[in-house]
Number of protein chains: 2
Amino acid sequence: MSSPQLEDLPDALSNHIGYLLVRLGKHAQRLFSLEIGPLGLRPAHCDILLTLADRGALAQVEIANLLLIERAHLVALLDQLEGLGLVLRTPDRVDRRRHAVTLTPTGVETTARVAAIALKVEETLLDGLIAAERDLLRGALRRLARDADEGD
Amino acid sequence: MSSPQLEDLPDALSNHIGYLLVRLGKHAQRLFSLEIGPLGLRPAHCDILLTLADRGALAQVEIANLLLIERAHLVALLDQLEGLGLVLRTPDRVDRRRHAVTLTPTGVETTARVAAIALKVEETLLDGLIAAERDLLRGALRRLARDADEGD
DNA sequence: TATTGTTATACTCTATAACTATA
DNA sequence: TATAGTTATAGAGTATAACAATA
């Protein structure tokens, strides 16, 4: 039995960048999920933590826009992070509709561990590519991601 | 407001190929879903149709292995394709546990339309890249996909 | 014993609408 | 009126276990 499936797929799939992106996106997500599972976290939680670590306090709607998460879905994710003691929701005194979301000290520590795990998974994923190839790939993907943000 | 989110994301996300793959995979999936929706199909249906068009009759477990779909999930997908008159399940006379899945004549026609739509979506997705860049990207992604099939 | 197709279950993600409190 | 956070619901993807028929 075993695994070289890709060669057995029709060109209409294995030669399409769209299909490869979907397939590899799911694979990367799965690898990362397995690593962070023991922390009680899922990928969306980690995206939030890393964003807060870099950007400081953000309103929920800002997090949702940055990460392309529905703000309705974000509520539960933040509830869970709050339950783990990793983030804090503070009412904004200027605009009282808003909650400023920030990392707790524990949240800062956990985010550092998450970042280290992300690096490790990245290394596993890119094992077959040399540095120059990784840079080319990263550049192309960033271009596509920027285009996706604007148009389409 | 508007959209240049990618630049506002932390490097821990926007510079990670893993994150970009997840984000772009979802984007590609969404674009494709919108186009094939009017046919009553979802991406997984199309993957099955394109695979059958290329490989001829396959047992369900073979389709599941090729496309990384759980065979428990495949049952419902094939029920739906059968309901649309696009595929046929025929008992295998040699191994009577198996069903040979094949395209109907209507299924062949629909698959051709799906392939055309896939090409159009691919063009939209890759609009910002010239041919040489697309080939480099495709090559790198195929390498990663092959590595993912084997190891990890 | 192991495999194929099937059923059932549960969890996550995604999308939508509607409610509240504020602006 | 419009926006921020919330609640609720439904569809789709994923993962698992268990069963009947067959090998």
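Below, chains carry the letters A, B, ... as their sequence lines are ordered, and counting in each starts from 1. Basis for what follows: all heavy atoms, side chains included, without hydrogens, waters or symmetry-related copies.
Every residue two or more places apart in sequence or in another chain was checked for a side-chain hydrogen bond (donor to acceptor under 3.5 Å, both in side chains) with A:Glu62, and none qualifies. Under the rule for a side chain to side chain contact (heavy atoms under 4.5 Å, CB included), the partners of B:Ala12 that lie at least two apart in sequence or sit in another chain are A:Leu50. Residues that satisfy the salt bridge (charged side-chain N to carboxylate O under 4.0 Å, His left out) test with B:Arg30, not counting sequence neighbours, are absent from this structure. The salt bridge (charged side-chain N to carboxylate O under 4.0 Å, His left out) check on A:Arg97 picks up A:Asp95, with sequence neighbours excluded. Among residues two or more places apart in sequence or in another chain, the salt bridge (charged side-chain N to carboxylate O under 4.0 Å, His left out) test is passed with A:Arg142 by none.
Boundaries of the chain B contact region on DNA chain D are D:dA12 to D:dA23, first to last in 5' to 3' order (nucleotide atom under 4.0 Å from a heavy atom).
Note on A:Val94: only backbone sugar-phosphate atoms sit closer than 4.0 angstrom, heavy atoms only; bases stay farther off.
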Per-pair distances, 0.1 Å, donor-acceptor, side chain in residues 52-59 of chain B, under 3.5 Å, sequence neighbours excluded:
unit_1: B:Arg55; atom_1: NH1; unit_2: A:Asp8; atom_2: O; d: 3.1

Check: residues 73-80 of chain B side-chain donor-acceptor pairs under 3.5 Å, at least two apart:
unit_1: B:Asp79; atom_1: OD1; unit_2: B:Arg89; atom_2: NH2; d: 2.1
unit_1: B:Gln80; atom_1: OE1; unit_2: B:Arg42; atom_2: NH2; d: 2.9
unit_1: B:Gln80; atom_1: OE1; unit_2: B:His45; atom_2: NE2; d: 2.7

Stepwise salt bridge (charged side-chain N to carboxylate O under 4.0 Å, His left out) test for A:Arg138 and A:Asp135: CA-CA 5 Å; A:Arg138 179 162 27 237; A:Asp135 289 343; 3.0 Å; yes

Footprint string (nucleotides 4-14 of chain C, 5' to 3'): B base within contact, S backbone only, - free, heavy atoms under 4.0 Å: BBBBB---SSB

